[in-house]
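Heads up: numbering here begins at 1 and tracks the sequence.
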Amino acid sequence: MKMTNIKRLERLSERYRNGDISRRNFLGLTAAAAAATGLSMPWMGRAMAAVSEVRFDGWGGTVQDAIDKYAFQPYTKKTGIKVVQGTFGDENEIITKIKTASPGDFQVVHSSGVNYYIKYVNAGFNSEINEANIPNMANVSTAMIEPFRKITPKLSAVPYDYGTTGIAYNTDVISPEEAKEQGPMLLLNKKYAGKIGGYADMTTRVWYAALQTGQDPNDIKDMDAVWAKVREVRDMAKKFWSSGAELMDLLSKGEIVVTDAWSGRVASLQQQGRPIGYLDPPKSYGWMEDMLILKGSPMAECEELVNFMLDPTTSIAVAEGQSYPPSLDPTKVKLTEKIEKLPAFDPTGKMESITFADPIYWAENEDAWNKQWDRISKGA
């Protein structure tokens, strides 16, 4: 007996509920079947006009170049869906834009881990992803997922990579032995005054000042001592850089000989043959980045994109291209020798060797500390 279109709709609905087909395919197939039957549904217009592009905003530079080459271009070739890209230098910039935009204007953000995740959640920008549509999450380190799940049991983001902000130094000027001996205090060595750099970011400045005063960055007891060290570094620094590209330029030209620095950008310089060493002192600032899907996004397409990005072949290629280890658990997925040699790489997948910021503690203090950092950065 020939299957009626009504029966076909029922079967499609059952397959969708069982997770056998994606939401996008379900909407398209049911819209076609309903149209043939003469039915009209509120969502049919949207379904028949399938999503043709997804919006992505990231950090630009070598990181986004690698994501575009190894993830977005193959994804577009496979699906026909274009990834429209934007960039930002500081994630607070994109948050400000999202606040004044309509839901769906911004969709996927290459975000800075739980410290920023809590900002999106508190502002009501988070979505609820269907993890069944991202099966490659099974290969992601549980230790990286759990901090997000503590904030929202229904996730809006998936960890994608990680790194550290350690100490980079010019090996023609500073020996590895000196760097290891001095650790965070190397940024306060008067011998290198005028040749010191640092990230123009409150979190990094407070974190390293805490280490320089012998304090736990996640439980600071003496903020006056911290701000004194922040001022001391400010007065000795040649420049506080504001992007990875600027960091690499300052180090490669020898304008600075020591700075706190992002591990992946240092790895890129080392691969270019630059005389740059790297040290992660005890409790150096560790961070992870995630692919955040915002509320109002075309969820099925965004989930499909993130799942594609987490495919081991894609994720490994991106990691090698951007010089940051992937979020894939190395006990579940065989990673390459190149990745295993990257700064900050954790071979256990447990992330116990990296100190992450406590998102609740930092969120509670962020406004006050940002105001003080703004004053100090202007000379106060």
Exercise for review: Please lay out, stage by stage, how K180 and E177 fare under the test salt bridge (charged side-chain N to carboxylate O under 4.0 Å, His left out).
Suggested key: CA-CA 5 Å; K180 185 175 181 180; E177 293 75 21; over 6 Å; no
Check your understanding: For the ring pair W373 and W227, is the centre-to-centre distance below 6.0 Å?
Key -> no
Check your understanding: For E246 and Y199, does a side-chain donor sit closer than 3.5 Å to a side-chain acceptor?
Key -> no
Exercise for review: Report yes or no: does S127 contribute a side-chain atom to a donor-acceptor pair with the main-chain N or O of I293 at less than 3.5 Å?
Suggested key: yes
Check your understanding: Is it true that the side chains of N126 and K154 contain a donor and an acceptor less than 3.5 Å apart?
Key -> no
Exercise for review: Might you work through the side chain to side chain contact (heavy atoms under 4.5 Å, CB included) test for K239 and I256, ending with a clear yes or no?
Suggested key: CA-CA 8 Å; K239 187 172 186 179; I256 58 176; 5.6 Å; no
Review point. What's the verdict on side chain to side chain contact (heavy atoms under 4.5 Å, CB included) for Y117 and S111, showing C-alpha distance, side-chain angles and the deciding distance?
Key: CA-CA 8 Å; Y117 187 61; S111 182; 5.8 Å; no
Check your understanding: Is there a donor-acceptor contact under 3.5 Å linking the side chains of S112 and E289?
Key -> no
Review point. Are side-chain N/O atoms of T79 and E304 paired as donor and acceptor at under 3.5 Å?
Key: no
Check your understanding: Are there more than 12 heavy atoms of other residues, nucleotides or ligands under 6.0 Å from atom NZ of K332?
Key -> yes
Check your understanding: Passes ring-ring contact (aromatic ring centres under 6.0 Å, His included), W287 versus Y162? Steps please.
Key -> CA-CA 6 Å; W287 42 264; Y162 65 94; 8.3 Å; no
Point to revise | Member of W59, F56, Y116 meeting the ring-ring contact (aromatic ring centres under 6.0 Å, His included) criterion with F88 | key: W59
Review point. Under 3.5 Å, side chain of N218 to main-chain N/O of F356, donor-acceptor pair present?
Key: yes
Point to revise | Minimum heavy-atom distance between R265 and M248, given as atom pair plus value | key: CD-SD, 3.7 Å
Point to revise | Check: D311 main-chain N/O paired with S315 side-chain donor or acceptor under 3.5 Å | key: no
Practice item. Ignoring hydrogens and angles, state whether a donor on the side chain of T62 or D65 is under 3.5 Å from an acceptor on the partner side chain. Key: no
Practice item. Identify the heavy atoms of Y169 and I167 that sit nearest to each other, and give their distance. Key: CD2-O, 3.9 Å
**Study point:** N189 and Q182: side chain donor to acceptor below 3.5 Å
**Key:** yes
**Study point:** Residue pair S141, T331: steps toward the side chain to side chain contact (heavy atoms under 4.5 Å, CB included) verdict
**Key:** CA-CA 9 Å; S141 168; T331 67; over 6 Å; no
Exercise for review: Locate the shortest heavy-atom distance separating E128 from M299; write the atom from each residue and the value.
Suggested key: O-CE, 3.7 Å
Check your understanding: Which heavy atom in G166 sits nearest to a heavy atom in D280, and how many Å separate them?
Key -> CA-OD1, 3.5 Å
Review point. Under 3.5 Å, side chain of N122 to main-chain N/O of K119, donor-acceptor pair present?
Key: no
Point to revise | Donor-acceptor contact present, side-chain S175 to main-chain T171, <3.5 Å | key: no
Check your understanding: Is the shortest heavy-atom distance from the side chain of T259 to the side chain of L250 under 4.5 Å?
Key -> no
Check your understanding: With no hydrogens and no angle check, is any side-chain donor or acceptor of Q212 less than 3.5 Å from a backbone partner on V230?
Key -> no
Exercise for review: Grab the two heavy atoms, one from Q215 and one from A225, that are nearest each other, plus how far apart they are.
Suggested key: NE2-CB, 4.4 Å
Review point. Are any of the side-chain heavy atoms of P343 and V266 separated by less than 4.5 Å?
Key: no
Revision key, fill the gap. Scanning both residues in full, the closest heavy-atom pair of T152 with L155 reads O-CD2, 3.6 Å
Practice item. Kindly indicate, with the supporting measurements, whether the criterion side chain to side chain contact (heavy atoms under 4.5 Å, CB included) is fulfilled by Y324 and Y160. Key: CA-CA 10 Å; Y324 288 114; Y160 194 66; over 6 Å; no
Review point. Distance-only, no hydrogens or angles: does the T213 side chain make a donor-acceptor pair with backbone N or O of A209 under 3.5 Å?
Key: yes
Check your understanding: Would you say the side chains of Q85 and D68 form a donor-acceptor pair under 3.5 Å?
Key -> yes
Practice item. For the residue pair W207 and Y285, categorise the inter-ring angle as parallel (less than 30°), tilted (30 to 60°) or perpendicular (more than 60°). Key: tilted
Check your understanding: Any donor-acceptor pair under 3.5 Å linking the side chain of D161 with the backbone of P326?
Key -> no
